[in-house]
Amino acid sequence: MRSDLCGDLRPADVGRRVRLCGWVAKRREHGEHLAFVDLRDRTGVVQCVVDGSVEARSEWVLSVEGTVRARPAGTENPDLPTGAVEIAECQVAVVNRAEPPPFPLDDRSAADEAVRLRYRFVDLRRPRMQRNLRVRSAMVAAMRQSMVDQGFCEVETPLLWTPTPEGAREFAVPSRLHHGDFYVLPQSPQIAKQLLMVGGFDRYFQIARCLRDEDLRADRQFEFTQLDLEMSFVEPADVQRAVTRAVSAALEAGEMARVGEPVGVAEVASEAARRGRGPRGSAASGPSGERDDPARAPEAAEVAVMTWFEAMDTYGSDKPDLRVESNLVDLGPVFAGTEVRAMVAPTVKGLCHRGGAELGRNRLDALTDQARQLGAKGLAWFRIGGQSGALTVDSPLDKFLSADERAGLLSATGATPGDLVLVVADEWRVCCDVLGHIRQELAGLAVTAGERRLCWVTDFPLFDGVDDEGRPAAAHHPFTMPHPDDLELLDRDPLAVRSQAYDLVLNGWELGSGSIRVHREDIQRRIFDVLGIGPAQAEARFGFLLGAFRYGAPPHGGFAVGVDRLVALAVGEENIREVIAFPKTQSGIDPMTGAPKPLGARQRRELGLGPLAER
RNA sequence: GGUCCUGUGGUGCAGUUCGGAGUGCACGCCGGCCUGUCAAGCCGGAGGUCGCGGGUUCAAAUCCCGUCAGGACCGCCA
């Protein structure tokens with residue numbers, strides 16, 4: 001039906017007879033002798049000149065035949081990629097009429113998200129959504145290519161899986177053939193991919209849909225996509241290298257896909273510049289021959305590596321945002337023998353916020369409330385004034401501080417006039433959590449702002465606190481291999497055991513996590529013991545996995561990258577709904593289809609589901 | 001389960017503090033004029049259950065209670 005795409009036409013095309021199809025982005029009529037129609041398709045818009053009036057309204061679907069010509073001198077539009085040319089002598093055919101759109105489709109205008117989602121098919125026509133989903137496609141293609149290049153084999157695993165009552169809440173699917181029995185949709189292909197390792201596919205990957213029936217957030221949907229991978233005969237660094245390559249390839253492909261798009265040209269330019277001078281190559285260089293193919297991203301971006309303890313101790317978070325300058329400092333020595341009651345605690349940590357002395361009492365009170373909500377007994381604040389050499393301290397606590405303590409506080413935090421020092425004295429974990437939250441909040445950085453700072457966080461604890469019955473709870477999942485140095489602690493002091501689990505973090509967002517898995521039955525049994533899962537229970541829940549492990553399980557480990565989050569960051573969106581074609585609202589509703597909806601009586605009967613209670 | 005923010009013609013907002021006639025702005029829509037516009041311009045017009053329900057009051061978009069929807073967050077997300 002068409003010879004060209006609207007956004008592709010350039011002066012080189014002048015003189016060509018073209019046929020275009022698209023939607024009316026804008027119509028400008030100048031009486032009965034002249035009208036302009038901006039015709040839009042996925043590549044952009046081009047101006048069509050109609051001699052006479054034109055019967056076409058916004059979003060009507062048109063087929064236009066005409067001749068490309070240079071615009072008359074002085075009428076070029078430098079804001080448009082096609083702005084040097086126009087389509088003349090147009091014959092316009094109306095392919096389909098359209099009602100006026102329920103909201104403006106240009107990217108300048110905001111629209112209520114509920115309305116956008118109800119008319120998502122129209123919303124998707126907007127350049128921003130077109131860009132987001134096309135960048136996503138390019139990034140997924142690059143990841144897939146990177147994995148294949150690295151020798152991984154793509155394998156699909158079942159969506160109709162079996163209940164594994166651990167971890168996230170599962171979506172259940174009633175069985176028609178076995179009334180009363182249910183499949184569940186997988187929270188992730190975790191167990192399936194471990195079975196693939198036993199099956200000898202020693203490098204597996206999948207662009208996998210995962211489903212978790214948990215409450216939704218800006219960065220969480222019921223269903224989301226992971227780059228899921230698993231490898232045999234590896235150490236954590238091997239997995240991390242493979243993941244870093246795939247993620248780097250995706251990010252580069254995302255940037256390339258953004259170049260030339262009508263949206264955010266300036267941002268793309270600055271990104272490209274950054275890419276040009278950015279340091280790289282911390283990971284081992286890839287096989288030769290990949291270097292010149294931009295879709296393959298042979299070398300990894302620069303990635304920091306730190307242990308979980310370092311991350312918590314220094315940044316107050318297991319997903320540290322390395323863009324934020326101020327870090328937590330240990331004030332234990334300063335307040336070692338203090339008589340200030342508020343500072344007597346196992347740990348005293350401080351945070352210096354540059355320029356924070358201007359914060360008013362209301363803000364400081366709000367921060368204190370927040371600290372209490374996060375479990376701290378309080379939050380001490382010190383507004384630093386004066387000038388270097390003669391600092392003054394404004395704080396309710398100041399009159400209780402000794403001269404040494406005041407000096408120690410200032411030197412340890414490196415505070416200068418105009419700064420705000422915040423101090424929490426409590427258990428180590430509370431100090432870290434509270435100051436970590438406040439550090440992030442005071443920085444006020446959007447996840448998409450500025451540079452991208454990737455980091456690996458390693459050596460997570462094997463268990464994260466205790467559950468309601470006082471039993472340690474698995475931090476990652478119950479198949480995570482303990483750190484080899486901590487094996488003997490497993491029975492004595494399980495909460496102190498580190499694991500071989502690791503996260504990939506970008507600007508404070510967890511992009512994914514993984515671990516080396518337990519492949520030996522004796523260690524698995526000891527872990528189940530700690531978790532309070534007896535042999536019978538373990539057999540009932542994970543029998544097929546444990547059974548498989550008796551038939552020659554290789555040592556293995558893997559990872560899963562959150563694709564939605566990665567794409568969101570790449571296109572500068574803070575909400576993954578913007579990179580998903582048909583997302584759900586925070587209450588799990590699809591405003592377009594109305595799902596979820598009741599099932600008819602007949603369908604319920606077929607599925608063996610009883611009548612529902614009155615609603 | 002909880003905290004907070006939002007809800008006003010099709011869209012985006014102002015009006016809510018301190019009650020006084022559905023008042024206002026921009027865009028869009030409909031009609032007219034207009035031969036080089038491109039966020040076109042000019043003139044005219046239509047379009048409202050102020051989310052919904054209840055209460056207080058002579059009087060409620062505005063105050064109170066409840067409820068629904070959307071969003072941000074906490075819990076939750078092995």
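Note that the structure is predicted; figures quoted are calculated from it, not measured. Every chain is numbered from 1 and lettered A, B, ... according to where its sequence line falls, protein lines coming before strand lines. All heavy atoms count here, side chains included; hydrogens, waters and symmetry mates do not.
- Side-chain atoms of A:R69 and base atoms of B:rG36 include a donor and an acceptor less than 3.5 Å apart.
- Looking at A:N132 and A:E573, their side chains do bring a donor and an acceptor atom within 3.5 Å of each other.
- Between the side chain of A:Q194 and the main chain of A:L545, no donor-acceptor pair closer than 3.5 Å is present.
- Each of A:E113, A:Q586, A:Q221 was compared with A:R577 under the side-chain hydrogen bond (donor to acceptor under 3.5 Å, both in side chains) criterion, and only A:E113 meets it.
- Nearest to the side chain of A:K26, among B:rA39, B:rG75, B:rC73, sits B:rA39.
- Sorted by first then second residue, the ring pair (Phe, Tyr, Trp, His ring centres under 6.0 Å) pairs that include residues 34-86 of chain A, not counting sequence neighbours, are A:H30-A:F36.
- A search for salt bridge (charged side-chain N to carboxylate O under 4.0 Å, His left out) contacts involving A:R471 returns nothing, not counting sequence neighbours.
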Distances for protein N or O near nucleotides 9-12 of chain B N or O, under 3.5 Å:
residue: B:rG10; atom: O2'; partner: A:P102; partner atom: O; Å: 2.9
residue: B:rG12; atom: OP1; partner: A:D112; partner atom: N; Å: 2.7

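- Of the candidate nucleotides B:rU37, B:rA72, B:rA39, B:rU37 has the atom lying nearest to any side-chain atom of A:T75.
- Counting non-hydrogen atoms under 4.0 angstrom, A:R212 reaches the backbone sugars and phosphates but no base.
- No N or O donor and acceptor, one from the side chain of A:R217 and one from the base of B:rG71, sit under 3.5 Å apart.
- There is no side-chain donor-acceptor pair under 3.5 Å between A:D365 and A:T368.
- Base pairing of B:rG24 is made with B:rC13, judged by Watson-Crick or G-U wobble geometry with both donor-acceptor distances under 3.5 Å.
- Side-chain atoms of A:E170 and A:T164 form a donor-acceptor pair, as typed in the model, at a separation below 3.5 Å.
- The salt bridge (charged side-chain N to carboxylate O under 4.0 Å, His left out) test applied to A:R116 returns A:D123, A:E578, not counting sequence neighbours.
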Could you pull out all donor-acceptor pairs under 3.5 Å where a side-chain atom in residues 587-594 of chain A meets a protein atom, sequence neighbours excluded?
residue: A:S587; atom: OG; partner: A:T585; partner atom: OG1; Å: 3.3
residue: A:D590; atom: OD1; partner: A:M592; partner atom: N; Å: 2.9
residue: A:D590; atom: OD2; partner: A:T593; partner atom: OG1; Å: 3.0
residue: A:T593; atom: OG1; partner: A:A595; partner atom: N; Å: 3.1

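- Remark: the A:Q206 side chain and the A:Q226 side chain contain no N/O donor-acceptor pair separated by less than 3.5 Å.
- The stretch residues 46-62 of chain A comes close to RNA chain B through A:Q47, A:R57, A:S58, each having a heavy atom under 4.0 Å from the strand.
- Aromatic stacking of A:H30 on B:rG36: not satisfied for centres closer than 5.5 Å together with planes under 30 degrees.
- With sequence neighbours left out, A:R220 forms a side chain to side chain donor-acceptor pair (under 3.5 Å) with no residue at all.
- Across all strands shown, B:rU35 forms no Watson-Crick or G-U wobble pair with both key distances under 3.5 Å.
- For A:L34, the side-chain atoms get nearest to B:rG36 when compared with the rest of B:rG36, B:rC73, B:rC38.
- Proximity note for A:R108 (side chain, C-beta onward) versus B:rA39, B:rG1, B:rU37: the nearest is B:rA39.
- Under the rule for a salt bridge (charged side-chain N to carboxylate O under 4.0 Å, His left out), A:D79 has no partner lying at least two apart in sequence or in another chain.
- When the nucleotides B:rC76, B:rA72, B:rA40 are ranked by their closest atom to the side chain of A:R577, B:rA72 comes out on top.
- Using N1 to N3 plus N6-O4 or O6-N4 for Watson-Crick, or N1-O2 and O6-N3 for G-U wobble, each under 3.5 Å, B:rA69 pairs with B:rU6.
- Contacts between residues 536-545 of chain A and RNA chain B, defined by a heavy-atom separation under 4.0 Å, are absent.
- No hydrogens or angles were tested; on distance alone, a donor-acceptor pair under 3.5 Å links the side chain of A:R71 to the base of B:rC38.
- Comparing atom distances between the A:E86 side chain and each of B:rG75, B:rU37, B:rC77 picks out B:rU37 as nearest.
- Listed nucleotides B:rG28, B:rC38, B:rG36 differ in distance to A:P72; the shortest reach to its side chain belongs to B:rG36.
- Side-chain atoms of A:N575 lie closest to B:rA72 of the nucleotides B:rU35, B:rC38, B:rA72.
- The listed nucleotides are B:rC77, B:rC73, B:rA39; the one nearest the side chain of A:E214 is B:rC77.
- Residues satisfying the ring pair (Phe, Tyr, Trp, His ring centres under 6.0 Å) criterion with A:F103, sequence neighbours excluded, are absent altogether.
- The stretch residues 506-532 of chain A participates, sequence neighbours left out, in these ring pair (Phe, Tyr, Trp, His ring centres under 6.0 Å) pairs: A:F528-A:F542.
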For nucleotides 42-46 of chain B, print each protein N/O atom paired with a nucleotide N/O atom at under 3.5 Å, atom names and distance only.
none

